[in-house]
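Working notes, structure below.
When reading the values below, keep in mind they use all heavy atoms of this one structure, side chains included, and skip hydrogens, waters and symmetry mates.
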Amino acid sequence: VWLYNEAGLTCLVQGNLTDAVALLRQAIEFNRGIEGQEDVGRQHNRISLNLAIVQIERGRLSAARSRLRRIRDDEKIRGDRVYKLAVGYLGLIDHLMGNIDKAERQYKKAIDWSRRDDDVRAAAVFLNHRARLEAAKDPEKALLLLREARQFADTGGHEDVRRHIVLSEI
């Protein structure tokens, strides 16, 4: 299960989304043999979160939203990183679908949690998305958010995230 999830993540980062979907779905299937047939549980939610990110990248926003809502609802009691990431990515979906106020609230939660928990990757990712949301209203504020996002990405050595931030700065 772990290896399929990691291979799926590698494909995601490399932009090979078709293989990422196949590998992550296989990881979910194998995980059913461990956690049971119901699609709940910590390991399932981690893999499912990765699959939702791939779905966002592929433009499958409705499928990603459904998956993220299930994760958020299942993880709410624990309130750990998977829950927080699900909230942040739901913010991204709202952003992409034009639900700006809702996106702002969800980004704020995800960024605040990431800063508090010293999750530099998540902070960089969601600050980047927040900056892109802000760019139309307040370009100066957007640049400040991008600068902070880049600092987080640099601190954590997250080159893939840093490159996304550089693209946002253009």
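The side-chain heavy atoms of R32 and D39, taken from C-beta on, include a pair separated by under 4.5 Å. Here the side chains of V166 and E169 are in contact, with some heavy-atom distance below 4.5 Å. F152 places a side-chain heavy atom less than 4.5 Å from the side chain of L127. Contact of the R42 side chain with the V82 side chain is not registered, since no non-hydrogen atoms from C-beta on lie closer than 4.5 Å. Residues I71 and R69 have side chains not in contact (no heavy-atom distance under 4.5 Å, counting atoms from C-beta outward). Counting heavy atoms from C-beta outward, L68 and L49 have side chains that approach closer than 4.5 Å. Side chains of E140 and L144 form no contact here, defined as non-hydrogen atoms less than 4.5 Å apart. Residues M97 and R65 have side chains in contact (heavy-atom distance under 4.5 Å, counting atoms from C-beta outward).
Heavy-atom contacts from other residues, nucleotides or ligands closer than 6.0 Å to CZ of R58 number more than 12.
Atom OG of S66 and atom CG of L61 lie 11.0 Å apart (nearest 0.5 Å). E29 contributes atom CD, which lies 11.0 Å from atom CD1 of I47 (distance to the nearest 0.5 angstrom). Put simply, CG on L51 and CG on L9 are 10.5 Å apart, with the number rounded to the nearest 0.5 Å. L167 contributes atom CG, which lies 11.0 Å from atom CG of L146 (distance to the nearest 0.5 angstrom). Note that CG of N45 is 9.5 Å distant from CG of N31, once rounded to the nearest 0.5 Å. Here the CD1-CG distance, from I53 to L17, works out to 11.5 Å after rounding to the nearest 0.5 Å.
A side chain to side chain donor-acceptor pair (under 3.5 Å) with S48 holds for exactly one of R70, R67, Q43; it is R67.
By the criterion of side-chain heavy atoms lying less than 4.5 angstrom apart, applied directly or through intervening Ile, Leu, Val, Met, Phe, Trp or Tyr residues, L24 is not grouped with V13; the two fall into different hydrophobic clusters.
R72 and V87 make their closest contact through CG-CG2, 4.1 Å (heavy atoms, listed as atom of the first residue, atom of the second, distance). Between R150 and I165, the shortest heavy-atom contact is N-CD1, 3.7 Å. Counting all heavy atoms, side chain and backbone alike, A64 lies closest to A52 at CB-O, 3.6 Å. Here the shortest heavy-atom pairing between G8 and A20 reads O-CB, 3.5 Å. The two residues N5 and A27 come nearest to each other via the heavy atoms N-CB, 3.9 Å. For the pair A149 and A124, the tightest heavy-atom approach, listed with the atom from each and the gap, is O-CB, 3.4 Å.
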Handout entry: Steps toward side chain to side chain contact (heavy atoms under 4.5 Å, CB included) verdict (N128, V161)
Key = CA-CA 9 Å; N128 182 37; V161 177; 5.8 Å; no
Exercise for the section: Take I56 and L96 through the side chain to side chain contact (heavy atoms under 4.5 Å, CB included) test and state the conclusion after the steps. Expected result: CA-CA 10 Å; I56 292 169; L96 295 171; 4.2 Å; yes
Exercise for the section: Go through I34 and V1 one step at a time and tell me if the side chain to side chain contact (heavy atoms under 4.5 Å, CB included) criterion holds. Expected result: CA-CA 9 Å; I34 297 168; V1 173; 3.6 Å; yes
Handout entry: Working for salt bridge (Lys or Arg N to Asp or Glu O under 4.0 Å), residues E75 and R46
Key = CA-CA 10 Å; E75 291 288 329; R46 285 185 193 100; over 6 Å; no
Exercise for the section: Show your reasoning for whether salt bridge (Lys or Arg N to Asp or Glu O under 4.0 Å) applies to R116 and D112. Expected result: CA-CA 6 Å; R116 186 192 68 219; D112 289 348; over 6 Å; no
Practice task
Dump the intermediate steps for side chain to side chain contact (heavy atoms under 4.5 Å, CB included) on D117 and R81, then the final yes or no.
Solution key: CA-CA 9 Å; D117 296 343; R81 185 171 194 262; over 6 Å; no
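For Q106 (side chain) and L92 (main-chain N/O), no donor-acceptor pair under 3.5 Å exists by modelled atom type. Side chain of D74 to backbone of G41: a donor-acceptor contact under 3.5 angstrom is found. A distance-only check finds a donor-acceptor pair linking the side chain of D138 to the backbone of K141 [under 3.5 Å].
Between K109 and E104 there is no salt bridge, since no side-chain nitrogen of the basic residue lies less than 4.0 Å from a carboxylate oxygen of the acidic one. A salt bridge links E134 with R130: the distance from a Lys NZ or Arg NE/NH1/NH2 to an Asp or Glu carboxylate oxygen falls below 4.0 Å. A salt bridge is defined here as a Lys NZ or Arg NE, NH1 or NH2 lying under 4.0 Å from an Asp or Glu carboxylate O, and R105 with D94 fails to meet this definition. Using a 4.0 Å cut-off between a side-chain N of Lys or Arg and a carboxylate O of Asp or Glu, K84 and D119 do not qualify as a salt bridge.
Applying the ring pair (Phe, Tyr, Trp, His ring centres under 6.0 Å) definition to pairs two or more places apart or across chains, those involving residues 66-118 are Y83-W113, Y89-F126, H95-Y107.
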